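Some notes on the structure that comes next.
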Amino acid sequence: MAGQLREKVAVVTGGASGIGRATALRFATEGASIVIGDLDATRGEETTAAIRANGGSAIFVRTDTTSEADCDALADAAMQEFGRLDVCLAAAGISDATYVSGQESPGVEMLTTDESHVQNLASEQWEKVIDVNLKGVFLTDRAVSRQMIAAGNGGAIVNIASIAAKVPLPGAAPYCVSKAGVWMLTKVMAVELTPYDIRVNAIGPGFIETPMTATMAADETGLQMMLQMTPMNRLGQPEEIAATALFLASGEGSYFTGELLHPGGGMFHG
Ligand code: NAP
């Protein structure tokens, strides 16, 4: 299979849904063998089946990215199954402590009432989001970078942050802080890993049409709120984030490291 990731092997966390799934499919179309790490085995296996049906190679490894052992096993699986590990997309994430992908996602109330403001937030809610969105990316990046360093072939890591890394959203403090943390983790790792020819970048999307935004998008008030914050006046598609990830993961992005790109429909101008 020809393409920009020909003969490469890519680990994709959160690859069973939304942005991770679209990126796994796109990377496979570009020739990469894919290792999907996700909690949801049914949708994870469905994604690997879709890749194989299209002539690609893919395996699913059931992974909770908050588990050190799971992340290490995910990176090991890439080496054992395909003999190398060149690319990682760390997309596993949650919007708030109650969110489970594919089920009801947070509605506009999260951003428009003070129920989720810091003064009303339980520490468990804070810890859950930081655990998945920040520690999970750290554990994923650590596991894949160790394998990349040992193999000596360089590599590219792309972390999914959010526009919320820079834009304060009332009612979403743990999410914003976790994504700001991913941004800084990306920058520190980029400097640390240049001697190994490993580039580390992040993507900070605006509002993207995935299960994470589904409840808000289904509600007219929620939809209008997202559109008013987005100069292009539409939600982004997961495939548009996949295209950005491909740019950063492939040779096309060869002079980028420590960068945070914002496919956000003009939402953020800073
Ligand atoms: P999504 O469709 O809900 O996908 C998130 C995926 O992450 C799901 O497959 C979910 O698995 C998985 N996941 C959650 N916790 C996990 C864990 N502990 N271990 C392994 N996998 C886990 O949402 P999405 O919109 O594509 O989100 C992907 C990333 O983009 C997230 O980091 C999100 O914060 C970020 N983002 C999204 C938007 C947006 O507007 N959609 C904007 C900016 C940034 P399960 O299905 O098993 O729960």
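Just so it is clear, the model here is predicted, and its values are computed rather than measured. All values below were derived from every heavy atom in this structure, side-chain atoms included, with hydrogens, water molecules and symmetry-related copies excluded. Counting starts at 1 for both ligands and their atoms, following the listed order.
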Legend entry - Backbone of Met212 reached by a side-chain donor or acceptor of Tyr99 within 3.5 Å: yes

Inset, instruction - Please determine if Asp64 has a nitrogen or oxygen closer than 3.5 Å to a nitrogen or oxygen of ligand 1. - result: yes

Inset, instruction - Could you list which atoms of ligand 1 come closer than 4.0 Å to a heavy atom of Gly14? - result: 6 (C), 7 (O), 9 (O), 12 (C)

Legend entry - Those atoms of ligand 1 less than 4.0 Å from some heavy atom in Ile19: 26 (O), 30 (O), 37 (C)

Legend entry - Non-hydrogen atom of Glu209 closer than 4.0 Å to ligand 1: no

Inset, instruction - Among Thr186, Val200, Leu248, Thr257, find the residue that satisfies the side chain to side chain contact (heavy atoms under 4.5 Å, CB included) test when tested with Ile157. - result: Val200

Inset, instruction - Could you walk me through whether Leu193 and Ser145 pass the side chain to side chain contact (heavy atoms under 4.5 Å, CB included) test, one step at a time? - result: CA-CA 8 Å; Leu193 293 176; Ser145 63; 3.9 Å; yes

Inset, instruction - Indicate yes or no for a side-chain donor-acceptor contact from Thr230 to the backbone of Asn233 under 3.5 Å, with no hydrogens or angles considered. - result: no

Legend entry - Beyond-backbone contact of Ser17 with Thr210, side-chain heavy atoms, under 4.5 angstrom: no

Inset, instruction - State the atoms of ligand 1, each with its element, that fall below the 4.0 Å cut-off from a heavy-atom position in Phe207. - result: 40 (O)

Inset, instruction - Pick, from Thr66, Asp38, Ile36, the option with the minimum heavy-atom distance to atom 12 (C) of ligand 1. - result: Asp38

Inset, instruction - Look only at the side chain of Asp38 and the backbone of Ala16, and say whether a donor-acceptor pair between them is shorter than 3.5 Å. - result: yes

Legend entry - Sub-4.0 Å heavy-atom approach of Ala161 to ligand 1: yes

Legend entry - For Thr213, atoms of ligand 1 separated by under 4.0 Å from a heavy atom: 39 (C), 40 (O), 41 (N)

Inset, instruction - Select the closest option to atom 27 (O) of ligand 1 among Met212, Arg62, Arg43, judged by heavy-atom distance. - result: Met212

Inset, instruction - Could you walk me through whether Arg234 and Glu240 pass salt bridge (charged side-chain N to carboxylate O under 4.0 Å, His left out), step by step? - result: CA-CA 13 Å; Arg234 69 171 176 88; Glu240 295 178 287; 2.8 Å; yes

Inset, instruction - Would you mind running through ligand 1 and noting each atom that sits below 4.0 Å from a heavy atom of Tyr99? - result: 1 (P), 3 (O)

Legend entry - Contact summary for Pro205 and Ile208, nearest pair of heavy atoms: CB-CG1, 3.7 Å

Legend entry - Proximal atoms of ligand 1 relative to Gly18 (non-hydrogen, under 4.0 Å): 2 (O), 26 (O)

Inset, instruction - Answer yes when Glu30 and Lys8 have at least one side-chain N-carboxylate O distance shorter than 4.0 Å, and no when they do not. - result: no

Inset, instruction - Find out whether the Lys NZ or Arg CZ of Lys128 is both under 6.0 angstrom from the six-membered ring centre of Trp126 and within 45° of the ring's axis. - result: no

Inset, instruction - Check each of Ile163, Thr210, Leu89 against atom 25 (O) of ligand 1 and report the one with the nearest heavy atom. - result: Thr210

Legend entry - pair Ile36-Thr13: side-chain heavy atoms closer than 4.5 Å: no

Inset, instruction - Report yes or no: does a heavy atom of Arg21 sit under 4.0 Å from some atom of ligand 1? - result: no

Inset, instruction - Using atom types as modelled and distance alone, determine if a side-chain donor or acceptor of Asn201 lies under 3.5 Å from a backbone N or O of Val158. - result: no

Legend entry - Atoms of ligand 1, numbered as shown, that sit under 4.0 Å from any heavy atom of Ile160: 29 (C), 30 (O), 35 (C)

Inset, instruction - Could you say whether the N/O atoms of Ser162 and ligand 1 ever approach to under 3.5 Å? - result: no

Legend entry - For Thr63, the ligand 1 atoms whose distance to one of its heavy atoms is below 4.0 Å: 19 (N), 20 (C)

Legend entry - Polar contact flag for Ala91 and ligand 1 (N/O pairs, less than 3.5 Å): yes

Inset, instruction - Could you tell me whether ligand 1 has any atom less than 4.0 Å away from a heavy atom of Ser95? - result: no

Inset, instruction - Determine whether any heavy atom of Val132 lies closer than 4.0 Å to an atom of ligand 1. - result: yes

